[in-house]
Each structure stands twice: as C-alpha cells, then as structure tokens.
Amino acid sequence: MTGRGTENVISMFTGTATGQEKRQSRILEIPITSIHPDPKQPRKHFDPRKITELALSIADYGVLQPIGVVRHPEIPLHYIIGYGERRWRATQEACLKTIPAIMIPDNADKKAIALIENLHRSDLTAMEKAMAIKEMMMDEHLSMEAAGNKLGISKTRVHQLLNILNLPEEMLTSFCGADLNENHARALLMLKRSPNAQKELFQEILIEGMTGKQALARAEKLLKDVPEKGPISDMVASSLKRLSRIEKKWREMPLQEREQSVKELLELRAQIDILIGNS
C-alpha cells in the first residue's frame, strides 16, 4: 500500500480511473444532523482547541476533504461516520448545515479503513493507535506482520506502537488525555527496569510539558544514575511485584490462605538470612 492519507483510503473503493472526476461523482452533501459518530472508532480523545482551529479554517475555506460514511442500520437517511469525525465535529462548530461525504460500500472493511485514514493523517494519539491495532489483531486473530500488511505499515512499526501498551497501567490511564506521543512513550520505556526513575520522568513530562525529544534526553540522563543490575536483580524485581499484588488483596484473603502465605514468607526470610549470614 503506497498511498497516504484520505487519498489512499478513497482509492480503496472508488478506483483510479479518471481519478478526480470519479471521486467527485461519489461525493454527497449530507446534513450534519443526519450523521452520527461511530462509538467503535479508534480515536477516543479530541482536543477542543484543535477542533476550534479546524472550525475556523472550515468557516473560511469549507471542508477540503470529504468524510466517509456508511448507512445507519436502523434510521433511514441517516449515516454513521467511517472516518473523518474530527472534520464533522469542526463543521458543526463552524455552524455549517451540510458536509461533503463519500459512501463507503457495505462490503468494505470499515474498521480497517478508519484506522488507515487515522494512521496516515496522524489523527490518532500514539496510545489510540496502539489500542486500535491491538483490538483489530485480537478481533481478527492477526499476527503483527498480517496487521502491518493490512494497514500498509511494517511489522516493526506495529511492534513499536504495541510496545507503548507495556507502560504501567497508571501511566496508560492518563496517556491519551495528556496528548503524549511515541517519543514520550519510548523515553518512559527506556526506564522500565527502574520504576522510580520512570515515575520521576513521567511527572516531569506532565508538570513541565516536555516535548518527546526533551523526554528522550532526560531519560538518557536518568539512565546514567540507575545502579547497575546485580546477578539477582530480575528475580528480586519480579518477587517485589508479586508481593505488592499480595499486599493489595491481603485483607480480603481467606484466613487459611493468609496463614499459608505467612508460612511461606517466613521460610523465604529464613533462607535470605542464611544467604546473608554466609556472605
């Protein structure tokens, strides 16, 4: 897949013969009130400031790229957005009554079309891209290579995006709202073996409004201060994570399970004492 952006998506179902004329013949002017957003679309967060900026441009120049829609399955003469929700929202804000749209055929892969259009137009945050690709891979049982082929991106690119989901849960929760990009994620992942340094960097990114490039530079500096790993570092880190999970559910544990856990912990402590005493 060599095309990019909306042109690439449109060509998936309009063909290329006499290009512009054929596309123009398929563009409809649809009332804004007859169009509904798709609750399953990959984009989850819309920056109100960017919507307003786009609305001002649309008020001056109109909608330069049509959105894609499918027929609403339940309401006659109504449609669901296949791609272009940001333009639809901005058109509403610009107080226009209609918006140019292209009908997506019923047999088209609507989820893939929406994701491709968003990926190539950079309309999704890094987190949204990762979540959308993961959802598509799980729904269709695709490998990273198959997902990349379907979306027109490399297997390596798919891996880079999915890697974002390896960030701690508390960071993922605020990732979209903070509008962070892949460089921010890459910087944080550089510190995955040092949770304290990772949390420190995350707070600095949020408070100081670091760019992705600045975050990468800061991560490199923090890495220099991270102590070198000893021979049992991974084992200890893994054990601490498991102990943390046990601590969270300790009060809800049945008495018998708690007593067994205490017994195991005491045995572990005795073994550690022996090792330290023999050093």
Side-chain angles (χ1 to χ4, degrees), residues 1-2 4-5 8 42-51 53-54 86 115-138 143-145 147-238 240-241 244:
M1 194 174 295
T2 58
R4 286 294 181 264
N8 179 39
R43 186 172 182 85
K44 307 300 181 187
H45 175 73
F46 294 88
D47 188 332
R49 294 171 300 174
K50 292 182 179 179
I51 294 292
E53 289 173 4
L54 182 57
R86 194 166 65 96
L115 184 50
I116 291 167
E117 205 257 357
N118 279 305
L119 283 172
H120 291 319
R121 290 178 60 85
S122 300
D123 278 355
L124 296 181
T125 66
M127 176 68 175
E128 287 169 334
K129 291 176 187 177
M131 290 297 294
I133 291 174
K134 181 181 178 182
E135 182 181 348
M136 185 184 76
M137 289 174 64
M138 293 178 65
S143 65
M144 284 194 285
E145 184 174 4
N149 289 337
K150 185 166 188 176
L151 298 172
I153 58 179
S154 68
K155 176 183 175 180
T156 300
R157 181 77 179 117
V158 173
H159 180 267
Q160 287 173 341
L161 288 166
L162 292 180
N163 200 34
I164 294 170
L165 302 180
N166 291 325
L167 286 170
E169 186 176 346
E170 63 270 18
M171 294 183 188
L172 291 176
T173 301
S174 57
F175 207 86
C176 276
D179 198 22
L180 304 183
N181 60 39
E182 289 175 60
N183 281 336
H184 290 112
R186 194 172 297 119
L188 291 165
L189 288 167
M190 287 169 61
L191 301 168
K192 62 183 179 181
R193 294 189 180 277
S194 179
N196 289 336
Q198 191 181 55
K199 289 178 183 178
E200 180 182 342
L201 176 59
F202 189 61
Q203 290 302 314
E204 289 179 1
I205 289 172
L206 297 180
I207 294 171
E208 299 176 20
M210 284 185 178
T211 65
K213 189 174 180 180
Q214 290 171 332
L216 285 169
R218 178 62 175 148
E220 289 179 0
K221 290 181 179 179
L222 288 171
L223 269 178
K224 294 178 181 178
D225 297 330
V226 175
E228 287 190 23
K229 291 172 56 181
I232 62 169
S233 294
D234 287 337
M235 187 189 306
V236 171
S238 176
L240 287 174
K241 285 182 181 179
S244 178

- Does the side chain of E208 come within less than 4.5 Å of Q214's, by heavy atoms? no
- Are there more than 12 heavy atoms of other residues, nucleotides or ligands under 6.0 Å from atom CE of M131? no
- Separation between CG of N163 and NZ of K192, rounded to the nearest 0.5 Å: 6.0 Å
- Task: Please report the closest heavy-atom contact between G212 and N181, naming both atoms and the distance.
- Result: CA-OD1, 3.9 Å
- Query: Where do R157 and K129 land on the side-chain contact (heavy atoms from CB on, under 4.5 Å) test, with the steps shown first?
  - Reply: CA-CA 11 Å; R157 181 77 179 117; K129 291 176 187 177; 4.1 Å; yes
- Message: Could you check whether any side-chain heavy atom of K199 comes within less than 4.5 Å of a side-chain heavy atom of M171, counting everything from C-beta outward?
- Response: yes
- Item | Reported CG-to-CG distance for the pair L201 and N196, which is rounded to 0.5 angstrom | 12.5 Å
- Measure the shortest side-chain to side-chain distance between L180 and F202 over non-hydrogen atoms and say whether it is less than 4.5 angstrom. yes
- Message: Is it the case that over 12 heavy atoms from other parts of the model lie below 6.0 angstrom from the CD atom of E169?
- Response: no
- Query: Could you state the interatomic distance from CE (M210) to CG (L216), rounded to the nearest 0.5 Å?
  - Reply: 10.5 Å
- For A130 and I164 the tightest heavy-atom approach is CB-CB, 4.4 Å
- Query: Just how far is it from atom CG of L167 to atom CG of L188, taken to the nearest 0.5 Å?
  - Reply: 5.5 Å
- Task: Kindly compute the distance separating OG (S143) from CE (M137), expressed to the nearest 0.5 Å.
- Result: 6.5 Å
- Nearest 0.5 Å please: distance from the CG atom of N149 over to the NZ atom of K155. 10.5 Å
- Query: Heavy-atom distance under 4.5 Å between the side chains of R186 and E182, does that happen here?
  - Reply: yes
- Note on the structure: What one should report as the nearest heavy-atom pair of A215 and I205 is CB-CD1, 3.9 Å
